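The analysis underlying the following values was restricted to heavy atoms, covering all of them including side chains, and did not include hydrogens, waters or symmetry mates. Predicted model, so just to flag it, every value in this text is computed and none were measured.
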Amino acid sequence: MQMIYRSTCIYLWVLFFLTGSGSAFDACGVNLLANPGFESGNGAPSDWTTFPPAPPGVTYLWDNTTSHSGSYCVSIESAVPEPAMWRQIVPVDPNEIYTFCGFIDLENVVPAAECCHQVIFRNAANEILKIVEIGSHNGTISWMSVFPHEMYVQAPADAATGEINLLIQGEGLVRFDDVHFGPAPQGGFEGFITLLGQPLENALVEIVGSGFTTTSDSIGKYSLEGIPLGSPRYQIQVSADGCRTAAVGDLTVRAGEIVSADIELLPGEDLNENFLHVIAGRLCHRAFIEPPEISTDAVIDPNLYPDSVKIYLESSAEVDSDHPAIIALADAILTSLDPADRTKIQNVTRAAYEWTIQNIDYDPHLTDTNFTDTTNGAWQTVEGTGWCWGLNFTDWLYKPSEMLQNESGICIEHSRFVTALVRALGIPARPVMSYSSQFWVQLPTGEGYWAGMCTNSGRSQYRISGDMTSHYGNVTPMNAYLVPIDSGPIIHSDWITDRKCRFREVHPWTEDYESSPEGLDLARSDMEQFGQTGEPPAAPPGPAPTEDRYSILYSDITLDFANIGNQRMLVMRFPMAVESDAITDLDETAYWTNYPSCVTGTWIDEQTNPPVVETLRWFCIQFDLSAVLPPRTCDKTGVRIEMPSDMYHPGDTCYCRVDVCNNDPVPLEDHPLFVILDVYGTCFFAPGFTTDYDNYISLHPSYPFGVTTVEVLPAFIWPEGAGQADGIVWYAALTDPYITSIYGEWDSFAFGWSN
């Protein structure tokens, strides 16, 4: 491992985090439970009762031999299938949102048993209105949080009391400590809704997916209060008659604070289908190969790593293994091992795996509380009902350092986090789509190979049963069909919008077919049908887990037009299976979209990165949305460069335009427009495209209010034989009449081409 200076404060912070001296529940707010840590009592914990009081085969204990914190906890040891529980009843308010959390310790709880925290809401007549259970555990687990982030529970409209039960139903021993149930810490949003700069009354303002709504008043002001805390992924949507829907995201609720968020609407109407829906399918063959064993002799030794894997030691913008917090955590994990084990890949990667599954939750572990946490990554993505907010999927995802702070994430975020942690420990690693991470197993003989771990599945299994082994090193190479070829990650759907927009995905999935000529024919027939109807047929009952198969890899993305602004050209890319001993890509693709008339081209983009062995190919679909989106508008004075793609291939349509925006009703007179093409340091000035100083003042001496489109390169078909290039850059800017300073906003656009 590289010897890098680490600050003492960060190192101590991670030790604090590792040892559990802090709690994810410190900010849970007011606790309605009396004696929540079971520290007070006389022969039994005060304020808690048992139910049933003394059943045969059940032992209740106020235990001072172990605890999560303090000196006491409570326990139940059961040898019978009937439920037994510690109980406390508290008053609740109708429709109030509560946080519910705590810690649990299990010994030999049989798999058929249920062990969980439960709240039963009752009305004034003591009738049951709703039962919510948080988690269900078995096996042996040492003091784990029942839910690492505050679980939100909403009381029904007629609720009067909440019955808090700490229960086991079945055989085993369970302990409970540090239980919290109380009103969720809350904050709110406020701001002004405007239409073309003027206050807009009666606009509908809502937090996306949550049920929190309000309307703007006569001065355009709105206020949304009583919003529970969440990660910085809240979104607000605004709609009004005669206006196009608008949205804003990346919003954080802070306890006791009102966060300001102003939103500007534009006149017009939403489309009947105000979204772009794209599904892509790619066909490959996957051969079953037993997962390689992780040799106990494997060593951490950069001198032995082959050049083809050394790039996977490097940090990247999305896998920030060089972040001080990640480095400090890696150091703390390494320090926790015996000195003799600190250079052994098996011991070190296993320690990274175990730390992650014990401390970083997996977002899809949700409980039905009748309240939707709309900042939850699972709701925004894999459930297909929420919306993400960002320029693309990568922009939305947490970086490893952010996930360490958030303590939770979806599978892709798990993949990047454990990859960054293993890299910080000096072992080449890469995030792999469809499961978590591969790491390099280096033998002292000079040979080596990739092995895998899956911390998101490992976290789920650990939460249920305390299993620390099930998803370490047992993932087959057949599942590693999407791997990156550089230090960055790979994503199963890739695009970029000029402005942050809402999008959602249906979780990528595969349809598997028999590895036979008949299976291949059926897969091809199903792909053809999908391309025509947009409905991927379900494959028949597939091969056994240990059998080869043909697979169609599906990705499903929906992009909301509400915030797309003036962008009209868009390229969506879907990675194709990466060739390996287990994977054969058949170079067959199909797609469906709700706007087929907007597709201007499709192609395969191939990427290599020697000495990395693999080749990554992308199936690309180019859209021109001009025909379906409203005319472009002008919001800020300045310029914007538009090209249909950032990478061109023979047969592609190419052009370059510059939109000049004048946001002042008065015409913009005598402001030269400069458009410069930078080819590896040599600048060519449009419109003449020579190295001589030139601009568009003679062609466009005046720009009226609104958007003026200047054609820089007319549309043409990219020719064969142009070779390849990358990093060619356009620059565009207006200047003042004296060419002494830039006027308004300037723009740049990098592109390239390949055969």
Side-chain angles (χ1 to χ4, degrees), residues 20-21 23-26 28-92 98-110 113-122 126 128 131-147 151 153 160-183 466:
S21 300
S23 168
F25 313 123
D26 291 341
C28 280
V30 175
N31 197 345
L32 295 180
L33 295 172
N35 195 21
F38 310 100
E39 295 301 301
S40 63
N42 184 13
S46 59
D47 301 293
W48 292 89
T49 60
T50 58
F51 181 84
V58 174
T59 301
Y60 298 107
L61 182 65
W62 186 30
D63 190 349
N64 65 352
T65 63
T66 182
S67 64
H68 174 257
S69 68
S71 301
Y72 286 89
C73 69
V74 293
S75 67
I76 309 171
E77 187 168 13
S78 175
V80 296
E82 289 77 22
M85 62 198 76
W86 287 93
R87 169 176 292 174
Q88 186 173 154
I89 299 174
V90 297
V92 298
Y98 294 89
T99 56
F100 191 17
C101 43
F103 287 83
I104 196 166
D105 181 275
L106 288 79
E107 289 184 23
N108 302 318
V109 176
V110 299
E114 179 180 359
C115 176
C116 66
H117 286 40
Q118 180 189 78
V119 56
I120 300 178
F121 290 104
R122 298 176 184 265
N126 207 36
I128 294 177
I131 300 175
V132 177
E133 293 184 347
I134 299 182
S136 181
H137 308 273
N138 60 70
T140 298
I141 306 174
S142 177
W143 287 122
M144 181 183 71
S145 59
V146 174
F147 206 81
M151 169 59 75
V153 182
T161 61
E163 178 183 301
I164 309 303
N165 295 318
L166 314 177
L167 70 86
I168 182 172
Q169 183 169 358
E171 300 176 24
L173 170 64
V174 59
R175 301 180 181 92
F176 303 94
D177 201 0
D178 294 334
V179 186
H180 178 102
F181 180 83

Tell me, please, which residues at least two apart from N35 pass side chain to side chain donor-acceptor pair (under 3.5 Å).
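Partners of N35 by the side chain to side chain donor-acceptor pair (under 3.5 Å) criterion, ordered by chain and then number, come out as S40, S46.
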Under the criterion side chain to side chain contact (heavy atoms under 4.5 Å, CB included), which of Y60, W48, F51 is the partner of M85?
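Going through Y60, W48, F51 one by one, the side chain to side chain contact (heavy atoms under 4.5 Å, CB included) with M85 is satisfied by F51 alone.
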4.5 Å side-chain heavy-atom contact, [X] and [Y]:
{"X": "V80", "Y": "P55", "answer": "no"}
{"X": "T140", "Y": "N108", "answer": "yes"}
{"X": "D105", "Y": "H68", "answer": "no"}
{"X": "F100", "Y": "I134", "answer": "yes"}
{"X": "S75", "Y": "T59", "answer": "no"}

How are the rings of F181 and Y98 set to each other: parallel, tilted or perpendicular (split at 30° and 60°)?
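Judged by the thresholds at 30° and 60°, the geometry between F181 and Y98 is parallel.
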Look up atom [atom1] in [X] and atom [atom2] in [Y], then write down how far apart they are to the nearest 0.5 Å.
{"X": "D63", "Y": "I76", "atom1": "CG", "atom2": "CD1", "value": "12.0 Å"}
{"X": "D47", "Y": "L33", "atom1": "CG", "atom2": "CG", "value": "9.5 Å"}
{"X": "W86", "Y": "H117", "atom1": "CH2", "atom2": "NE2", "value": "13.5 Å"}
{"X": "H180", "Y": "T99", "atom1": "NE2", "atom2": "OG1", "value": "3.0 Å"}
{"X": "T66", "Y": "R175", "atom1": "OG1", "atom2": "CZ", "value": "5.5 Å"}
{"X": "I89", "Y": "N126", "atom1": "CD1", "atom2": "CG", "value": "7.0 Å"}

Counting only N and O atoms by type, is there a donor-acceptor contact under 3.5 Å from the side chain of D178 to the main-chain atoms of G70?
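No, because the side chain of D178 does not come within donor-acceptor range (under 3.5 Å) of the backbone of G70.
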Using atom types as modelled, flag every donor-acceptor pair under 3.5 Å from a side chain in residues 164-171 to any protein atom, sequence neighbours excluded.
from: N165; atom 1: OD1; to: R87; atom 2: NE; distance (Å): 2.9
from: N165; atom 1: ND2; to: Q118; atom 2: OE1; distance (Å): 2.9
from: N165; atom 1: ND2; to: E163; atom 2: OE2; distance (Å): 2.9

Closest heavy-atom contact between V92 and G162?
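Looking at all heavy atoms of both residues, the shortest contact is CG1-N, 3.7 Å.
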Give me the atom names and distance for the closest heavy-atom approach of C116 to S136.
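Minimum heavy-atom contact is CB-CA, 4.4 Å.
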Contacts of type salt bridge (charged side-chain N to carboxylate O under 4.0 Å, His left out), residue E82, not counting sequence neighbours
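Residues passing salt bridge (charged side-chain N to carboxylate O under 4.0 Å, His left out) with E82: none at all.
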Worked check of ring-ring contact (aromatic ring centres under 6.0 Å, His included) between F38 and W62:
CA-CA 8 Å; F38 310 100; W62 186 30; 9.0 Å; no
